[in-house]
*Asks:* 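Quick one: the structure is below, and I'll ask about it shortly.
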Amino acid sequence: MASAVSSFLSSPSSSDRLPFRNSNHNNRGIATLSSPFPHLWNPTDSLLLRRARICCSSTAGSSNGSNQQHLKTRRPAEENIREEACRRDEATGSRGFSACYVPFDAPADTAETYSLDDVVYRSRSGGLLDVRHDMTALKRFPGSYWRDLFDSRVGRTTWPYGSGVWSKKEFVLPEIDPDHIVSLFEGNSNLFWAERLGRDHLGGMPDLWVKHCGISHTGSFKDLGMTVLVSQVNRLRRGPLNRPIAGVGCASTGDTSAALSAYCAAACIPAIVFLPADRISLAQLVQPIANGATVLSIDTDFDGCMRLIREVTAELPIYLANSLNSLRLEGQKTAAIEILQQFDWEVPDWVIVPGGNLGNIYAFYKGFEMCRELELVDRMPRLVCAQAANANPLYLHYKSGWADFNPVIAADTFASAIQIGDPVSIDRAVFALKATDGIVEEATEEELMDAMSLADRTGMFACPHTGVALAALFKLRERGVIGTNDRTIVVSTAHGLKFTQSKVAYHSNEIANMVCRYANPPVSVKANFGAVMDVLKKKLDGKLGL
C-alpha cells in the first residue's frame with residue numbers, strides 16, 4: 001500500500017485526479033490520499049475523519065487507555081476562533097475556485113465578465129448581473145465529496161463554517177479571505193414539521209414542512225444574503241484593495257434594513273437605510289435604529305425609496321445593498337442547499353416561496369440547480385412563488401402567459417415586506433419558474449391572515465408573508481395540483497414576533513371588512529371562582545368528561 005501511495009503522489013497527472021478515485025477509502029467513501037486542492041478537505045474539517053483519527057490513536061496508545069481524554073486540546077484562552085482557524089490552516093482562501101459577475105442569463109462563452117472586486121451592479125446593456133462560478137473546477141470533485149464536506153461542518157464553531165452560509169463557502173464566495181468574512185453564524189434554520197396543519201386542514205398531508213428562515217439573527221432570511229454582501233464590502237475596504245467605500249445603503253420594507261444594519265455594525269461599517277414612512281412594523285423600524293444605522297424615513301413607497309437609493313449610490317461612494325446586487329443571492333441560495341441536507345440529500349417535490357422583489361425565488365433556484373449540476377442531487381423541485389394580491393405584478397405576468405411585464409402600484413398589505421409593485425428581479429424570477437415548471441399564486445388580505453392564524457393554531461407563530469405562502473398552498477391543494485403525499489416545503493421568510501401588530505389587530509377583530517375567522521381574543525372575567533368556572537365549562541363543553 002505504501003508503494004501505491006508513493007506512486008500516486010509522484011504521478012505527473014495526480015493533480016488532475018478526483019479525490020475519491022483511489023483504493024484507499026474509509027467506509028463512507030472518503031479518500032485518505034491527497035487532493036488536487038490539499039486544503040479543501042482538511043481532516044479537521046471532517047467529523048468522520050476526526051473520529052477515525054481518534055480511533056487510530058486509541059489503538060496505537062497504551063493498553064491501559066490512559067490520557068485518551070486529552071486527544072484534542074482546547075485553543076489557548078487568548079486566541080479567538082479566527083486566529084485558531086488561521087493557525088490550524090482550516091479556513092484558507094480560494095482553494096483553486098473562483099467566481100465572477102456576468103450578465104444575467106449570458107451564454108457560457110460571454111466575453112463580458114467582471115471581477116467580484118468591481119463595484120458594478122448592471123451589465124453594459126443595463127441588465128442584471130449574476131454571479132457565475134467556475135463549474136469546471138468544482139466538477140473535479142464528485143457530488144458525494146461536497147455532500148460529505150458540507151455535512152461535516154454542520155453544528156460546529158470552526159470559523160467560518162459554523163455559519164449555514166459559510167459552511168458552503170466554496171459555492172458562495174470562494175476567493176474571500178476568511179479574515180474578511182462578517183458572520184453572525186446565520187442560517188442553519190430548522191425545518192418545522194407541520195404535522196397537524198397537514199393532517200387536519202390540508203387533507204392529511206404527512207410530509208408538509210416549513211423552513212423557518214426567520215429564526216436567523218435579525219429575524220429574517222435576509223441575513224443569509226447580507227453576510228455575503230457585507231463580507232465583500234469588508235474585503236474591498238481593507239488592504240490591499242482599500243476601495244473608498246464610505247458606507248453601505250439600501251432601500252427596505254423592513255427586513256433588509258435590519259440585516260444590513262446588524263452586519264454593518266458588526267463590521268464597523270456605516271449603514272444608510274431608506275424606509276417608506278409609516279409602512280413597516282415598529283419592530284422592523286427599531287432594528288436599524290438600535291444597530292446605529294442612519295435611518296431616513298421617506299414619504300414614499302418602497303419603489304420610490306429604491307429609485308432614490310440608486311440615484312444616491314451613483315453619486316456618493318455608498319455601496320448598494322439591495323437585491324439588485326447579485327452577491328445577496330449567493331447567500332440566500334444556501335437555504336435551498338440546507339433543505340437538501342436536512343432531507344439527507346433527497347429532493348422535495350414542491351418549494352413555496354413568498355415573492356416581493358423576487359430575488360429569493362431565483363436564489364432558491366440557483367441553490368437547487370447548482371446541486372443538481374454538481375451531482376449532489378439528481379433532480380429539481382417545482383417552485384411556487386406566492387404574492388399578496390395587493391402587490392402581485394408577477395402573478396399578473398404569469399396569468400398573461402408571460403406576455404409583456406407591467407409593474408403595478410402596490411397597495412397596502414399586511415405582508416409589508418413584499419409590498420413591491422416594480423420588482424428588480426422580475427427577469428430572474430421568470431427564468432427560475434420556467435426552468436422548474438413553476439407556478440405563481442396570489443392571496444388576498446383575508447386569505448393570508450386566515451392562513452397565518454390557522455397555522456398559528458397548530459403550533460406555529462407565522463409572519464404574514466408565510467401566510468401568503470400558506471394560502472397559496474391551500475389553493476393548490478384544493479385544485480389538486482399538489483398531491484396528498486407530495487413532500488412540500490413552505491419557506492417562512494421572517495419571524496412572527498416582527499409582526500405582532502397585525503396579529504393583535506386580527507385577534508381583536510379590528511380589521512375593517514375582514515371576518516377574522518380564527519380570531520381568539522382574551523375573555524374578560526370577574527375575579528371570582530364561579531365566574532372563572534362558568535367561562536371554562538362553556539369553553540371546554542363536552543371535553544371535561546364530567
Side-chain angles (χ1 to χ4, degrees), residues 119 121 182 184 186 214 216-234 236-237 245-329 331-332 356-357 359-360 391 410 415-425 463 465 493-495 497-499 501:
V119 179
Y121 311 115
V182 182
L184 305 176
E186 53 288 311
S216 197
H217 177 68
T218 71
S220 88
F221 78 97
K222 299 294 179 69
D223 292 354
L224 305 180
M226 209 56 75
T227 181
V228 178
L229 183 141
V230 175
S231 292
Q232 179 64 6
V233 172
N234 194 37
L236 295 176
R237 282 165 52 96
I245 297 174
V248 187
C250 75
S252 177
T253 51
D255 291 333
T256 299
S257 67
L260 175 66
S261 302
Y263 283 85
C264 281
C268 199
I269 298 173
I272 300 95
V273 171
F274 288 18
L275 295 176
D278 302 320
R279 302 200 186 199
I280 69 171
S281 73
L282 290 176
Q284 290 172 301
L285 174 62
V286 77
Q287 285 184 286
I289 291 173
N291 285 135
T294 298
V295 178
L296 305 184
S297 180
I298 301 175
D299 186 20
T300 183
D301 59 9
F302 169 80
D303 297 309
C305 288
M306 189 67 217
R307 285 190 292 271
L308 284 169
I309 193 70
R310 289 174 65 180
E311 292 172 4
V312 167
T313 54
E315 295 295 327
L316 296 177
I318 298 172
Y319 196 86
L320 181 64
N322 283 96
S323 59
L324 173 66
N325 190 316
S326 52
L327 285 174
R328 290 258 309 275
L329 307 186
Q332 289 166 208
N357 221 11
N360 210 24
S416 57
I418 56 175
Q419 186 179 326
I420 298 170
D422 190 9
V424 167
S425 292
C463 66
H465 317 88
T493 56
H495 202 294
L497 285 172
K498 285 189 169 191
F499 302 93
Q501 292 164 286

*Asks:* Tell me, do Val228 and Gln332 make a side-chain contact under 4.5 Å, heavy atoms counted?
*Replies:*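 Result no, sub-4.5 Å side-chain heavy-atom pair not found.
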*Asks:* Any heavy-atom pair between the side chains of Asn357 and Pro423 that's under 4.5 Å?
*Replies:*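 They are in contact (side-chain heavy atoms under 4.5 Å apart), so the answer is yes.
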*Asks:* Kindly indicate, with the supporting measurements, whether the criterion side-chain contact (heavy atoms from CB on, under 4.5 Å) is fulfilled by Asp223 and Leu184.
*Replies:* CA-CA 9 Å; Asp223 292 354; Leu184 305 176; over 6 Å; no
*Asks:* Rounded to the nearest 0.5 Å, what separation is found between the CZ atom of Phe221 and the NE2 atom of His495?
*Replies:*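 Separation between the atoms: 15.5 Å.
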*Asks:* Going from CG on Leu324 to CE on Met306, what distance comes out if it is rounded to the nearest 0.5 angstrom?
*Replies:*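 Answer for the CG-CE pair, Leu324 versus Met306, is 5.5 Å.
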*Asks:* Only pairs at least two apart or in different chains count here, so list each side chain to side chain donor-acceptor pair (under 3.5 Å) that has a residue in residues 296-320.
*Replies:*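 Only Tyr319-Asn325 qualify under side chain to side chain donor-acceptor pair (under 3.5 Å).
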*Asks:* Scan residues 278-310 for pairs that pass ring-ring contact (aromatic ring centres under 6.0 Å, His included), counting only residues two or more places apart or in two chains.
*Replies:*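 Every pair satisfying ring-ring contact (aromatic ring centres under 6.0 Å, His included) with a residue in residues 278-310: there are none.
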*Asks:* Output, in order, the C-alpha distance, side-chain angles, deciding distance and verdict of side-chain contact (heavy atoms from CB on, under 4.5 Å) for Leu320 and Ile309.
*Replies:* CA-CA 8 Å; Leu320 181 64; Ile309 193 70; 3.9 Å; yes
*Asks:* Identify the heavy atoms of Ala391 and Ala410 that sit nearest to each other, and give their distance.
*Replies:*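 Heavy atoms only, the tightest pair is CB-CB, 3.8 Å.
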*Asks:* Any donor-acceptor pair under 3.5 Å linking the side chain of Thr227 with the backbone of Val182?
*Replies:*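 Checked: pair present.
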*Asks:* Gln287: what forms a side-chain hydrogen bond (donor to acceptor under 3.5 Å, both in side chains) with it, not counting sequence neighbours?
*Replies:*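 In terms of side-chain hydrogen bond (donor to acceptor under 3.5 Å, both in side chains), with neighbours along the sequence ignored, Gln287 is linked to Lys498.
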*Asks:* With side-chain contact (heavy atoms from CB on, under 4.5 Å) as the test, would you mind laying out the steps for Leu308 and Ile298 before giving the verdict?
*Replies:* CA-CA 10 Å; Leu308 284 169; Ile298 301 175; 3.9 Å; yes
*Asks:* For the residue pair Val273 and Pro288, what are the closest heavy atoms and their distance?
*Replies:*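 The answer is CG2-CB, 4.4 Å.
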*Asks:* Show the atom names and distances, to 0.1 Å, of all donor-acceptor pairs under 3.5 Å that link a side chain in residues 257-272 to residues at least two apart or in another chain.
*Replies:*
residue, atom, partner, partner atom, Å
Ser257, OG, Gly254, O, 2.6
Ser261, OG, Ser257, O, 2.7
Tyr263, OH, Glu186, OE1, 2.6

*Asks:* Would you check, one step at a time, whether the test side-chain contact (heavy atoms from CB on, under 4.5 Å) holds for Leu229 with Val248?
*Replies:* CA-CA 10 Å; Leu229 183 141; Val248 187; 3.9 Å; yes
*Asks:* For Phe499, give me all partners under ring-ring contact (aromatic ring centres under 6.0 Å, His included), at least two apart in sequence or on another chain.
*Replies:*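 Applying ring-ring contact (aromatic ring centres under 6.0 Å, His included) to Phe499 gives His465.
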*Asks:* Only counting residues at least two apart or in another chain, list the ones meeting side-chain hydrogen bond (donor to acceptor under 3.5 Å, both in side chains) with Thr493.
*Replies:*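 Here no residue qualifies.
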*Asks:* In Å and rounded to the nearest 0.5 Å, what is the SG to CE distance from Cys250 to Met226?
*Replies:*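 Nearest 0.5 Å value for the SG-CE distance: 6.0 Å.
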*Asks:* Evaluate the side-chain proximity of Ser416 to Gln284: yes if any heavy-atom separation is below 4.5 Å, no if none is.
*Replies:*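 Yes, side chains in contact.
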*Asks:* Is there a donor-acceptor pair under 3.5 Å between the side chain of Arg328 and the backbone N or O of Ala321?
*Replies:*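 Judged by distance alone, yes, a pair lies under 3.5 Å.
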